[in-house]
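Heads up, the thing below is written out as structure tokens.
Residue numbers count from 1 along this sequence. Side chains are part of it too, since the values below use all heavy atoms of this structure and drop only hydrogens, waters and symmetry mates.
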Amino acid sequence: QVQLVESGGGSAQTGGSLRLSCAASGRFPSRYAMAWFRQAPGREREFVASINSNGDSTYYGDSGKGRFTISRDNAKNTMALQMNSLRPDDTAVYYCTATRMESLIGDIAAMRHEDNVAYWGRGTSVTVTF
């Protein structure tokens with residue numbers, strides 16, 4: 001079991017930045033691949049970015065490519081999402097997720113499919129204004 005708690009959400013202006021954090025606890029969280037998803041009002045949940053258990057491989061969805069950076073610190077059992085050049089369509093609830101690395105068979109991109117996610121946080125809200 002892994003517990004995930006997001007923080008760092010809030011409001012930002014267009015072009016601004018926010019840094020989201022996810023604290024993981026439980027059994028061996030450093031063995032899990034992790035990812036961020038988001039859900040905007042009235043829209044389906046979408047994949048943002050994923051990172052492998054070692055932190056040396058990442059994969060990005062189209063929404064954050066070139067603007068967002070995912071990272072993790074296994075010594076602190078945390079994961080982060082640095083979001084730059086924010087746009088109003090980045091407004092959403094952002095969710096931290098985790099799954100056993102071995103279930104992805106080495107393909108960190110597979111975490112873009114919600115069926116591969118084992119654990120979800122409760123989310124943190126981000127609002128980007130004009």
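Ion pairing between a basic and an acidic side chain is recognised when a charged N comes within 4.0 Å of a carboxylate O; E46 and R38 show such pairing.
Every pair passing disulfide (SG to SG under 2.5 Å) that includes a residue from residues 4-84 is listed here, sequence neighbours excluded: C22-C96.
The main-chain N or O of P29 is never found under 3.5 Å from a side-chain atom of N77 such that the two would form a donor-acceptor pair. Looking only at distances, a side-chain donor or acceptor of T97 sits under 3.5 Å from a matching main-chain atom of A35. Proximity of a side-chain donor or acceptor of R112 to a complementary backbone N or O of A109 within less than 3.5 Å is detected. A distance-only check finds no donor-acceptor pair linking the side chain of Q39 to the backbone of V93 [under 3.5 Å].
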Q.
Could you go through V126 and T91, starting from their C-alpha distance and side-chain angles, then the distance that decides it, and tell me whether this counts as side-chain contact (heavy atoms from CB on, under 4.5 Å)?
A. CA-CA 5 Å; V126 170; T91 295; 5.8 Å; no
Q.
Apply side-chain contact (heavy atoms from CB on, under 4.5 Å) to residues T129 and T14 and explain how you reach the verdict.
A. CA-CA 6 Å; T129 58; T14 296; over 6 Å; no
Q: Might you work through the side-chain contact (heavy atoms from CB on, under 4.5 Å) test for R72 and N74, ending with a clear yes or no?
A: CA-CA 6 Å; R72 68 189 294 164; N74 283 341; 2.8 Å; yes
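Distance check: N84 CG to T69 OG1 gives 6.5 Å after rounding to the nearest 0.5 Å. Atom OH in Y32 sits 10.5 Å away from atom CE in M111 (nearest 0.5 Å). Of the inter-residue distances, the one linking S53 atom OG with R100 atom CZ reads 11.0 Å to the nearest 0.5 angstrom. F130 contributes atom CZ, which lies 12.0 Å from atom CD of Q13 (distance to the nearest 0.5 angstrom). Separation of atoms CD (Q82) and CD1 (I70) is listed at 12.5 Å; rounding is to 0.5 Å. Here the straight-line distance linking atom CZ of R27 with atom CZ of R31 works out to 8.0 Å at 0.5 Å rounding.
Considering only heavy atoms from C-beta on, R67 comes within 4.5 Å of D90 through its side chain. Using a 4.5 Å heavy-atom cutoff, the side chains of Y60 and V48 are not in contact.
A side chain to side chain contact (heavy atoms under 4.5 Å, CB included) with N52 is found for exactly one of D107, L104, I108, namely I108.
Cation-pi geometry between R45 and Y95 is met: under 6.0 angstrom from the ring centre, within 45 degrees of the axis.
Using modelled atom types, one finds no donor on one side chain facing an acceptor on the other under 3.5 Å when comparing T99 with N116.
For F47 and F37, the ring centers sit closer than 6.0 Å to each other.
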